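First the structure, in the form of structure tokens, and then the observations on it.
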Amino acid sequence: MNSKVNSSPVLLDLDQLENFVDLGLADFLDILGDVLGDVPTHIEMIHSAIRDGDAATLRARAHSSRGMLANFGCVAMTGFLHRLEHEGPVAPELAGSVRDELENLWQQSYSAIKDWEKSVPGFIS
């Protein structure tokens, strides 16, 4: 598994985010808040699975995380998680760099989601 991601990945599928417009800002923020709380836990579980050499747990955690983040159009993260899920074992010594990569992608993705939120008429609070 190559732990490096393209230096300028496409972060979001904006069409996917458009599904939230009909929900309204309050519901969108509620759902996003849940995801915001869950992502660090998922990243840590992935890190632990890699560190412990637990390929089955890694696949399960990557799959679960990918599904959650796909709802928000986080294509860079879901692509990375897909590779973790399907490309075979990840060497335990890469656990820290994979965690760092996921945290970085999440920070960038979350920032892009917040920028998108500010651009939606009616979502400006």
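What you see is a predicted model; the values in this text were computed from it and never measured. When a residue number appears, it is its place in the shown sequence, counting from 1.
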Donor-acceptor under 3.5 Å ([X] side chain, [Y] main chain):
X	Y	answer
Asn19	Gln16	yes
Ser48	Glu44	yes
Thr78	Cys74	yes

Roughly how far, to the nearest 0.5 Å, is [atom2] of [Y] from [atom1] of [X]?
X	Y	atom1	atom2	result
Glu101	Ile43	CD	CD1	11.0 Å
Arg61	Asp54	CZ	CG	10.5 Å
Asn71	Leu17	CG	CG	10.0 Å
His47	Ser97	NE2	OG	9.0 Å
Leu84	Leu94	CG	CG	10.0 Å

Do [X] and [Y] have side chains that get closer than 4.5 Å, going by heavy atoms?
X	Y	value
Leu81	Ile46	yes
Leu25	Glu117	yes
Tyr110	Leu11	no
Leu23	Asp30	no
Glu103	Asp100	yes
Met68	Asp38	yes
Leu32	Lys114	yes

Tell me if the centroids of the rings in Phe20 and Phe123 come within less than 6.0 Å of each other.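 No, ring centres 6.0 Å or more apart.
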Check: Phe80 ring centre within less than 6.0 Å of Trp106 ring centre: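 Judged by ring-centre distance (under 6.0 Å), Phe80 and Trp106 do not meet the cut-off.
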Carefully, step by step, assess Thr57 and Asp52 under the rule side-chain contact (heavy atoms from CB on, under 4.5 Å). CA-CA 10 Å; Thr57 298; Asp52 297 343; over 6 Å; no
Tell me, with the steps shown, if Phe72 and Ile31 meet side-chain contact (heavy atoms from CB on, under 4.5 Å). CA-CA 10 Å; Phe72 283 85; Ile31 296 167; 3.5 Å; yes
Co-membership, hydrophobic cluster, residues Val39 and Trp116, 4.5 Å side-chain: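 Yes.
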Show the nearest heavy-atom pair for residues [X] and [Y], with the distance to one decimal.
X	Y	answer
Val35	Leu69	CG1-CD2, 4.1 Å
Ile113	Leu12	N-CD1, 3.6 Å
Pro92	Arg51	CB-O, 3.7 Å
Ala91	Ile50	O-CG2, 3.6 Å

For His82 and Glu85, which I'm curious about, is there any donor-acceptor pair between the side chains at under 3.5 Å?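 The answer is no; no qualifying pair exists.
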Could I get the full list of side chain to side chain donor-acceptor pair (under 3.5 Å) partners for His42, not counting sequence neighbours?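 In terms of side chain to side chain donor-acceptor pair (under 3.5 Å), with neighbours along the sequence ignored, His42 is linked to Ser65.
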Go through it in stages, so that I can follow the logic: the residues are Leu102 and Met77, the test is side-chain contact (heavy atoms from CB on, under 4.5 Å), and I'd like the CA-CA distance, side-chain angles, deciding distance and then a yes or no. CA-CA 7 Å; Leu102 286 169; Met77 284 199 76; 4.1 Å; yes
